[in-house]
Amino acid sequence: MSLDHIYDQPDPRTYFRVLRPLDYGVPQQAKPYFAKIITEYRESRHVAVPKVLDIGCSYGINAALLKYDATMDELYARYGDEEHMGESREALLARDRELARSRQPPQAIRFTGLDTSGSALSYAREAGFLDDAVHADLEAHEPTPRQRAQLSGTDLVISTGCVGYVTERTLTRVVRAQGVHRPWMAHFVLRMFPFDPVERALAGLGYRTVRVDEVFRQRRFASPQEQALVLDSLSAAGVDPRGLEAEGWLYAQLYISRPHDVTSTDDPNRDQS
């Protein structure tokens with residue numbers, strides 16, 4: 001079962017309808033970690049409105065959760081319920097714009113989304129979840145001058161599952177678009193993808209990376225074939241799947257990268273609940 005089609009639809013309904021039976025929930029688990037590091041950045045760097053870049057943002061899910069304190073359950077109900085299946089895209093956008101207007105953001109944040117799906121970016125931008133959108137494949141291409149300007153000034157780079165599918169090539173290009181500035185990073189990475197190449201590339205750019213001890217359920221496997229492929233990848237990477245992926249779930253780990261001159265004011269392995 002391929003999930004590629006859910007990322008390039010005119011609106012998020014297919015995305016949530018397909019992922020709901022798979023119990024996809026890593027953005028909800030990531031939310032307190034992202035909120036904490038945004039607060040830490042704001043206080044230590046004295047930046048009133050941090051600029052967050054979400055790599056692989058799709059329909060702006062992380063932005064909706066962090067800017068408007070939405071939950072994954074709320075979004076599943078919003079986009080996955082049968083009563084909204086016949087709703088027009090325009091009506092759905094109107095409801096989302098009302099959500100963006102009606103909720104006082106718990107944190108003042110500017111969100112830029114980076115994705116290869118133009119339709120997902122367009123929806124997130126029109127709904128008011130994203131403040132800016134960069135439609136680019138930085139694995140294959142250097143950013144254009146306009147894209148470089150959009151990426152410039154990023155304070156925090158986040159992702160929930162795309163690192164591994166995108167590599168250190170994308171992250172390096174994002175960092176180089178900042179000039180001498182070094183944004184902080186927090187990436188939830190599936191365990192089947194070794195993070196070592198990314199960590200080495202970031203170290204060469206002046207970063208120190210810490211892995212959070214906890215593991216995070218991303219979603220159930222979409223098929224036995226997907227599970228078999230992932231188990232093979234884990235075996236090749238020397239990662240033990242017993243009690244985790246062997247039980248039917250994809251799991252991610254969180255890597256936090258900061259410039260060498262930054263000392264965290266708190267332990268990232270402390271409970272975020």
Side-chain angles (χ1 to χ4, degrees), residues 1-31 54-65 70-82 84-85 89 92 96 113-124 127 129-130 133-140 158-167 170 187-195 215-237 239 241 244-254:
M1 176 182 177
S2 172
L3 301 181
D4 292 348
H5 68 289
I6 70 175
Y7 299 101
D8 203 21
Q9 300 296 312
D11 62 62
R13 282 175 288 192
T14 299
Y15 178 97
F16 281 96
R17 191 168 65 249
V18 170
L19 290 178
R20 192 178 211 170
L22 303 179
D23 293 321
Y24 174 72
V26 75
Q28 187 67 45
Q29 297 179 74
K31 181 180 177 180
D54 186 2
I55 299 180
C57 68
S58 69
Y59 300 93
I61 310 306
N62 288 320
L65 267 58
T71 66
M72 286 298 287
D73 285 344
E74 179 183 6
L75 297 183
Y76 277 121
R78 191 175 194 84
Y79 302 117
D81 285 355
E82 290 297 325
H84 301 307
M85 287 301 101
R89 181 180 185 274
L92 196 63
D96 283 343
L114 169 64
D115 207 287
T116 58
S117 171
S119 55
L121 285 171
S122 293
Y123 188 91
F129 297 158
L130 295 180
V134 181
H135 183 206
D137 179 358
L138 298 188
E139 286 295 293
I158 66 171
S159 66
T160 47
C162 77
V163 172
Y165 300 103
V166 303
T167 70
T170 289
H187 299 292
F188 284 78
V189 182
L190 291 172
R191 288 185 351 120
M192 64 180 174
F193 294 122
F195 196 71
V215 294
F216 303 88
R217 280 184 172 181
Q218 193 205 42
R219 62 168 170 82
R220 298 181 188 276
F221 286 109
S223 67
Q225 292 78 16
E226 183 186 38
Q227 183 177 15
L229 288 170
V230 169
L231 292 178
D232 286 346
S233 296
L234 290 166
S235 177
V239 178
L244 298 170
E245 291 85 0
E247 303 305 314
W249 289 78
L250 283 160
Y251 280 84
Q253 291 186 295
L254 170 59

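The figures here come from the full heavy-atom set of this structure, side chains too, leaving out hydrogens, waters and symmetry mates. Computed from a prediction, not measured in an experiment: that's the story for all the values here.
At a threshold of 4.5 Å between non-hydrogen side-chain atoms, the residues Val163 and Ile55 do not count as touching. No side-chain heavy atom of Asp54 sits less than 4.5 Å from a side-chain heavy atom of Ile61. In this structure, Asn62 and Cys57 have side chains that are not in contact, with every pair of non-hydrogen atoms separated by 4.5 Å or more. Residues Leu250 and Val26 form no side-chain contact, since every pair of their non-hydrogen atoms from C-beta on lies 4.5 Å or further apart. With a 4.5 Å cut-off on side-chain heavy atoms, Val18 and His5 count as touching. With contacts defined as side-chain heavy-atom distances shorter than 4.5 Å, the pair Pro241/Val230 does not qualify. At a threshold of 4.5 Å between non-hydrogen side-chain atoms, the residues Tyr24 and Gln218 count as touching. In this structure the side chain of Glu245 reaches within 4.5 angstrom of the side chain of Phe221, judged on heavy atoms.
The one candidate from Tyr251, Tyr165, Phe188 that meets the ring pair (Phe, Tyr, Trp, His ring centres under 6.0 Å) condition with Phe193 is Tyr165.
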For this session: Go through Phe216 and Gln253 one step at a time and tell me if the side chain to side chain contact (heavy atoms under 4.5 Å, CB included) criterion holds.
Result: CA-CA 6 Å; Phe216 303 88; Gln253 291 186 295; 5.6 Å; no
Problem set entry | side-chain hydrogen bond (donor to acceptor under 3.5 Å, both in side chains) between Gln28 and Thr71, intermediate numbers included | CA-CA 7 Å; Gln28 187 67 45; Thr71 66; 4.8 Å; no
For this session: Evaluate side chain to side chain contact (heavy atoms under 4.5 Å, CB included) for Met192 paired with Val239, printing each intermediate quantity in order.
Result: CA-CA 7 Å; Met192 64 180 174; Val239 178; over 6 Å; no
For this session: Give the C-alpha distance, both sets of side-chain angles, the deciding distance and a yes or no for side-chain hydrogen bond (donor to acceptor under 3.5 Å, both in side chains) between Tyr123 and Asp96.
Result: CA-CA 10 Å; Tyr123 188 91; Asp96 283 343; 2.6 Å; yes
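Summarising the geometry, atom OH belonging to Tyr7 is positioned 10.5 Å from atom OG1 belonging to Thr116; distances are rounded to the nearest 0.5 Å. Rounding to the nearest 0.5 Å places CD of Gln225 at 10.0 Å from CD of Gln227. How far CZ of Arg78 is from CG of Leu75: 7.5 Å, rounded to the nearest 0.5 Å. The CD atom of Glu226 sits 8.0 Å away from atom CG of Leu22, with the distance rounded to the nearest 0.5 Å. Atom OH of Tyr59 and atom CG of Asp115 lie 9.0 Å apart (nearest 0.5 Å). Between the CG atom of Leu190 and the OG1 atom of Thr160 there is a distance of 10.0 Å, given to the nearest 0.5 Å.
With Ser235 contributing its side chain and Leu231 its backbone, the two residues share no donor-acceptor pair below 3.5 Å. Ser119 places a side-chain N or O within 3.5 Å of a backbone atom of Gln9 that can act as its donor or acceptor partner. Of the possible polar contacts, one joining the Glu139 side chain to the Thr170 backbone as a donor-acceptor pair under 3.5 Å is found.
Relative orientation of the Phe16 and Tyr76 rings is perpendicular, given thresholds of 30° and 60° on the angle between their planes.
A pairwise comparison of heavy atoms in Arg17 and Pro21 identifies O-CD, 3.2 Å as the closest pair. The two residues Ala133 and Leu121 make their nearest non-hydrogen contact at CB-CD2, 3.9 Å. Between Arg89 and Arg13, the closest heavy-atom pair is N-NH2, 4.0 Å. Among all heavy-atom pairs drawn from Leu19 and Leu3, the shortest one is CD2-CD1, 4.2 Å.
Asp8 and Ser117 share a side-chain donor-acceptor pair at under 3.5 Å.
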